[in-house]
Undergrad: 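Below is the structure I would like to discuss, written out as structure tokens.
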2 protein chains.
Amino acid sequence: MATARRGDRRGEIVRAAFDMIGERGYPNTTLAAVAERVGLTQQGLLHYFPTKEDLLVAVLRRRDELDVSGGAVAGPAGVLEALAMLVDVNASRPGIVQTFTVLAGESVTDGHPARAYFAERYARVRALLAESLGDEVTAQLVIAALDGLQIQWLLDPEGADMRPAFDRLAELVGRGRAAE
Amino acid sequence: MATARRGDRRGEIVRAAFDMIGERGYPNTTLAAVAERVGLTQQGLLHYFPTKEDLLVAVLRRRDELDVSGGAVAGPAGVLEALAMLVDVNASRPGIVQTFTVLAGESVTDGHPARAYFAERYARVRALLAESLGDEVTAQLVIAALDGLQIQWLLDPEGADMRPAFDRLAELVGRGRAAE
DNA sequence: GTCTATATCGAGATAGAC
DNA sequence: GTCTATCTCGATATAGAC
């Protein structure tokens with residue numbers, strides 16, 4: 001069970017920051033604006049998170065909590081099915097997807113505060129998915145597809161529905177395995 | 001033939017900005033820093049590009065010029081081969097890939113100056129690729145994979161080589177077609 | 001065409017009162 | 001725990017001289 005109680009200021013702040021990063025990007029998300037959204041002054045917020053980067057770290061942790069990271073993973077078919085469900089869940093929460101997409105894109109820049117986090121996270125998810133899918137290259141490809149589909153979908157929700165494209169990939173991966 | 005002559009200040013500026021956006025992201029790329037790199041003051045630069053957004057537009061245009069956008073496209077096999085070559089070319093120019101990745105990620109934020117550009121561009125490339133690959137969904141998927149592979153590769157050049165993963169996709173797409 | 005000077009703004013952060 | 005006040009910095013942009 002994560003943070004969520006009366007007087008849970010930190011939780012409120014992190015949720016607000018999470019949303020706003022998705023809306024405006026990290027560099028354009030100001031502490032003052034986050035503070036205002038939760039009814040605080042900028043300095044009141046700094047009481048909880050001494051620096052902006054401290055807040056970003058908390059936001060990334062929240063991202064992990066929300067993640068439907070496949071706990072106990074089954075075989076290839078099971079994982080692809082679970083990921084298809086994740087695609088549907090994501091399609092219902094554009095804000096979260098947007099936050100993730102923006103941060104992941106920014107993270108490749110020099111010295112970005114979230115760079116190490118994303119590098120580690122991708123390596124971890126690749127390894128986890130590789131266990132179920134059989135090989136790491138396919139895992140890398142599937143993750144890439146998920147990320148890339150999100151970009152197109154965020155820019156054009158009607159014209160680039162994620163689910164059909166993911167299903168196509170799952171179908172191809174399934175056939176690929178069957179053919180071996 | 002693109003811009004490139006003696007006294008081609010605008011070209012110099014755009015090239016510098018292009019590189020720096022890849023290094024630091026658009027919001028963190030300052031006009032003064034770009035100006036300094038080409039031996040100008042910030043105000044000297046503003047003579048050529050009155051606003052920062054004007055400069056961004058020029059950078060995006062340059063991106064298109066550099067693009068190895070498949071001119072005359074052949075059948076499915078031909079396109080996948082051409083794209084594999086594009087992957088190799090990209091692997092040799094991380095700066096350009098980084099600029100593109102950063103801008104594409106940022107572009108999904110509200111009111112980003114490059115949002116319309118990317119939305120239009122993805123729609124166009126999807127349609128173009130769909131002509132060769134047969135259907136739009138597969139085109140969407142292939143583009144997504146290319147984008148997503150770039151993110152992982154930029155964060156971990158050794159651990160997430162793009163080419164094997166793309167080859168795997170090309171193989172799967174090839175088999176998928178053969179099976180119909 | 002490029003400069004100096006400066007206006008204006010908004011950011012993150014500190015000090016200290018309540 | 002939250003506020004007021006303030007510092008410092010760095011950004012875009014303007015005005016006008018050379």
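Throughout, protein chains are lettered first and strands after them, A, B, ... in sequence-line order, and every chain is numbered starting at 1.
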Undergrad: Please collect all salt bridge (charged side-chain N to carboxylate O under 4.0 Å, His left out) contacts where either partner lies in residues 112-126 of chain A, sequence neighbours excluded, each pair once.
TA: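 Qualifying pairs: Asp64(A)-Arg121(A), Asp67(A)-Arg121(A), Glu120(A)-Arg124(A), Arg126(A)-Glu136(A), Arg126(A)-Asp156(B).
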
Undergrad: Do nucleotides 11-18 of chain C as a string where each nucleotide becomes B, S or -: B if the base has a protein heavy atom under 4.0 Å, S if just the sugar-phosphate does, - if no protein is that close.
TA: SBBB----

Undergrad: Output yes when Glu12(A) and Arg15(A) qualify as a salt bridge under the 4.0 Å nitrogen-oxygen rule, no when they do not.
TA: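 Salt bridge flag = no for Arg15(A) with Glu12(A).
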
Undergrad: What pairs with Phe100(B) under ring-ring contact (aromatic ring centres under 6.0 Å, His included), at least two apart in sequence or on another chain?
TA: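 If we apply the ring-ring contact (aromatic ring centres under 6.0 Å, His included) test to Phe100(B), skipping adjacent residues, the hits are Phe118(B).
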
Undergrad: For Ala32(A), give me all partners under side chain to side chain contact (heavy atoms under 4.5 Å, CB included), at least two apart in sequence or on another chain.
TA: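 Expected list: Thr30(A), Gln42(A).
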
Undergrad: Within this structure, what is the CG-to-P distance between Asp8(A) and dG1(D), rounded to whole angstrom?
TA: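 These atoms are roughly 13 Å apart.
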
Undergrad: Provide, to the nearest angstrom, the distance between the CG atom belonging to Leu45(B) and the C1' atom belonging to dC3(C).
TA: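 Answer to the nearest Å: 13 Å.
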
Undergrad: From OH of Tyr26(B) over to C1' of dT12(D), roughly how many Å is that when rounded to an integer?
TA: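 Taking OH of Tyr26(B) and C1' of dT12(D), I get 10 Å after rounding.
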
Undergrad: Output the rounded distance in Å from CD (Glu36(B)) to C1' (dC3(C)).
TA: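 Rounded to the whole Å, the gap is 16 Å.
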
Undergrad: Partners of Tyr117(A) by ring-ring contact (aromatic ring centres under 6.0 Å, His included), sequence neighbours excluded?
TA: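 Tyr117(A): no ring-ring contact (aromatic ring centres under 6.0 Å, His included) contacts found.
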
Undergrad: Looking at residues at least two apart in the chain, or sitting in another chain, which of them share a ring-ring contact (aromatic ring centres under 6.0 Å, His included) with Phe18(B)?
TA: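 Checked Phe18(B) against ring-ring contact (aromatic ring centres under 6.0 Å, His included); zero matches.
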
Undergrad: Over how many whole Å does the gap from Asp54(B) atom CG to dT12(D) atom P extend?
TA: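 Interatomic distance, CG of Asp54(B) to P of dT12(D): 13 Å.
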
